[in-house]
Amino acid sequence: MPPEPPRDASGDEDRPNPWGRSEEESIEATITGTTTTRTVVPSESDSAPAAEQFNCPNCGGSIEIKAAGYSVSVVCQYCGSTLDVTDPDVSIIQRYEGEVRKLELPLGSRGELRGIEWEVIGYQRRSENGQYPWDEYLLFNPYEGYAFLDTDGRGWSMGRQLTAAPEKKSLVGFEVDGEFYEPFYAQARAQVDYVLGEFYWRVHVGEEALTASFVRPGSMLTWERSAKETVWTLSHLLEPHEITDAFGIEPPSGGGLPLPHQPSPHRKKAGQFMKIAAAVAVALLVITSLFGGTSDPQTTRINLATNGVEQMAKVGPIVLERPRQAVTVSAQAPGIENSWIDLTYTLTNRETGEVFEANDVVERYSGRDSEGNWSEGSSFSTSKFSMIPAGTYELNIFAAGSRWTGSQYGSSSNAQVDVTIEKGATFYSNLFLALLVVFAPALWQWWKHLSFESRRKSDSDFAGGDDD
């Protein structure tokens, strides 16, 4: 994209680095003259520039210059010849006898984009040595100047050229208006494959320039250096409906890789879902702390011989006032070693005889092998009853201790276990499942966002991988 206005390209201070390519490959090797500087500004008068008409010296077709006084070349829409309109006799720069391309946006089309009415006056078909082609339309407004409308079939972007070079940040990034643009496409050689319409610079088929691109969500910063000038262009991605509303053409059908500067459609929703999930999670934690926990503990101690003989003990009564209430029964046997205690609890309603049963075990083992000392198990265990009806209950405890005879270390010959029953319970597994359900939609949206970003960045020259 040529400059509006361009800047001197003789220095290296505006050149993005590093590129991963040698200076010998640079198009600057072909520079034999000095840098040309052009200044193109919108009209400051109250009236728009007058249009001019003339006949093509090659085919005789009638041509109208929309930006008279600004345009320096025009490509005949009938025969494709490139003409010099700065010459009073309108000389032919390049003769082109091929069939004129049918444009998606015909020259002369007018449409309003971002509150400004634009007219399509020029068109270029560009590519990287014939690959990765894209269409570039030149827009003109007599009071706003020029703009570019680009598409490669995946979406449309509207760009304006910068009047000053962006500020360089770190080794490779640039900043414009406080927003950082990271590198996406490294230096490549772009060429003009087809051209039609009028331009404020001399353009012809086969013209080459070095290009590189930097992106942030929604915007792309493009660096371009030809044999005589360097320009920077800042483009913004258009919403699909904008190009339809402005020019009446169908929006891109989508598919394929996202555009380099296409914002993730999932990021906003993922952030919203995460905020909602965080708020619900806090509420769940508060509810758990308020309504969880235990109260009114009653404890009994059982002395066991670890010979497998079962003993019985009772705890109670315990009165449950709520219609439905949880009950926690915990057992602790701190002195056991290489032994275990099997526990069976029966919570019996004294009035109705209804019985609720649970089984538990307290066990602890240790030893030494080729990898060193090891231990497993715990001397503490907990059982929880949920939704117990109101009433007066008694807890029956059936306990039997056993020893691990295969241990090379001594096993406990007897065990002392303390069993405690309490009103209430905190079901951490339920809390975990609730949090998982709450965060699942947010995590799913974040996964889609990260997947989109991975696909978008896979097209970048700086995406990493095994290739240079």
Side-chain angles (χ1 to χ4, degrees), residues 276-304 310-336 339-365 375-402 415-443:
I276 294 173
V280 174
V282 171
L284 287 174
L285 292 173
V286 171
I287 292 172
T288 299
S289 64
L290 291 177
F291 297 97
T294 59
S295 63
D296 301 331
Q298 298 184 46
T299 303
T300 187
R301 175 171 294 176
I302 307 173
N303 293 308
L304 296 171
E310 187 177 78
Q311 297 187 37
M312 178 183 175
K314 293 183 179 182
V315 182
I318 181 170
V319 180
L320 305 180
E321 297 87 0
R322 299 177 185 174
R324 295 286 178 176
Q325 187 170 359
V327 174
T328 299
V329 179
S330 58
Q332 187 169 10
I336 64 170
S339 303
W340 72 94
I341 301 173
D342 293 309
L343 295 163
T344 300
Y345 306 122
T346 59
L347 189 61
T348 306
N349 189 309
R350 288 185 172 181
E351 289 82 14
T352 64
E354 187 176 10
V355 176
F356 300 89
E357 184 174 330
N359 295 289
D360 204 352
V361 63
V362 179
E363 55 186 338
R364 176 176 168 78
Y365 311 97
S375 64
E376 64 180 33
S378 173
S379 59
F380 181 83
S381 67
T382 301
S383 297
K384 297 175 182 179
F385 297 86
S386 62
M387 306 296 288
I388 303 298
T392 302
Y393 289 83
E394 184 176 78
L395 179 67
N396 296 312
I397 308 163
F398 301 91
S402 301
Q416 185 181 83
V417 57
D418 293 328
V419 178
T420 301
I421 184 171
E422 301 173 271
K423 297 179 183 179
T426 301
F427 295 93
Y428 292 103
S429 59
N430 293 350
L431 176 62
F432 174 78
L433 290 175
L435 292 175
L436 185 62
V437 171
V438 167
F439 279 96
L443 294 175

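These numbers come from the heavy atoms of this one structure, side chains and all, not from hydrogens, waters or symmetry mates.
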Check whether more than 12 heavy atoms from other residues, nucleotides or ligands sit under 6.0 Å from atom CZ of Arg322, and answer yes or no.
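Counting other residues, nucleotides and ligands, CZ of Arg322 stays at 12 neighbours or fewer.
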
Does atom CZ of Arg301 have more than 12 heavy-atom neighbours from other groups under 6.0 Å away?
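12 or below, so no.
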
Within a strict 4.5 Å, meaning less than it, do heavy atoms of the [X] and [Y] side chains meet?
X: Leu435; Y: Val280; value: no
X: Phe356; Y: Tyr345; value: no
X: Ile397; Y: Leu395; value: yes
X: Leu304; Y: Gln416; value: no

Which heavy-atom pair separates [X] from [Y] by the least distance, and what is that distance?
X: Ile341; Y: Ala399; value: CG2-CB, 4.3 Å
X: Lys384; Y: Thr328; value: CG-OG1, 4.1 Å
X: Leu320; Y: Pro389; value: CD1-O, 4.0 Å
X: Phe385; Y: Phe427; value: O-CZ, 4.1 Å
X: Val362; Y: Ala331; value: CG2-CB, 3.9 Å
X: Ser383; Y: Ala358; value: CB-CB, 4.4 Å

Can you name the side chain to side chain contact (heavy atoms under 4.5 Å, CB included) partners of Ser375, sequence neighbours left out?
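Here the qualifying residues are Arg364, Ser366.
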
Examine distances only and state if a side-chain atom of Lys423 and a backbone atom of Val327 form a donor-acceptor pair shorter than 3.5 Å.
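Answer holds: no.
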
Counting only N and O atoms by type, is there a donor-acceptor contact under 3.5 Å from the side chain of Gln298 to the main-chain atoms of Pro317?
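Yes: the side chain of Gln298 pairs with the backbone of Pro317.
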
Point-to-point distance, once rounded to the nearest 0.5 Å, from OH of Tyr393 to CD1 of Ile318
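Tyr393 atom OH to Ile318 atom CD1 measures 10.5 Å (nearest 0.5 Å).
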
Between Thr344 and Asn359, is a side chain to side chain donor-acceptor pair (under 3.5 Å) present by the stated rule, with each step listed?
CA-CA 5 Å; Thr344 300; Asn359 295 289; 3.0 Å; yes

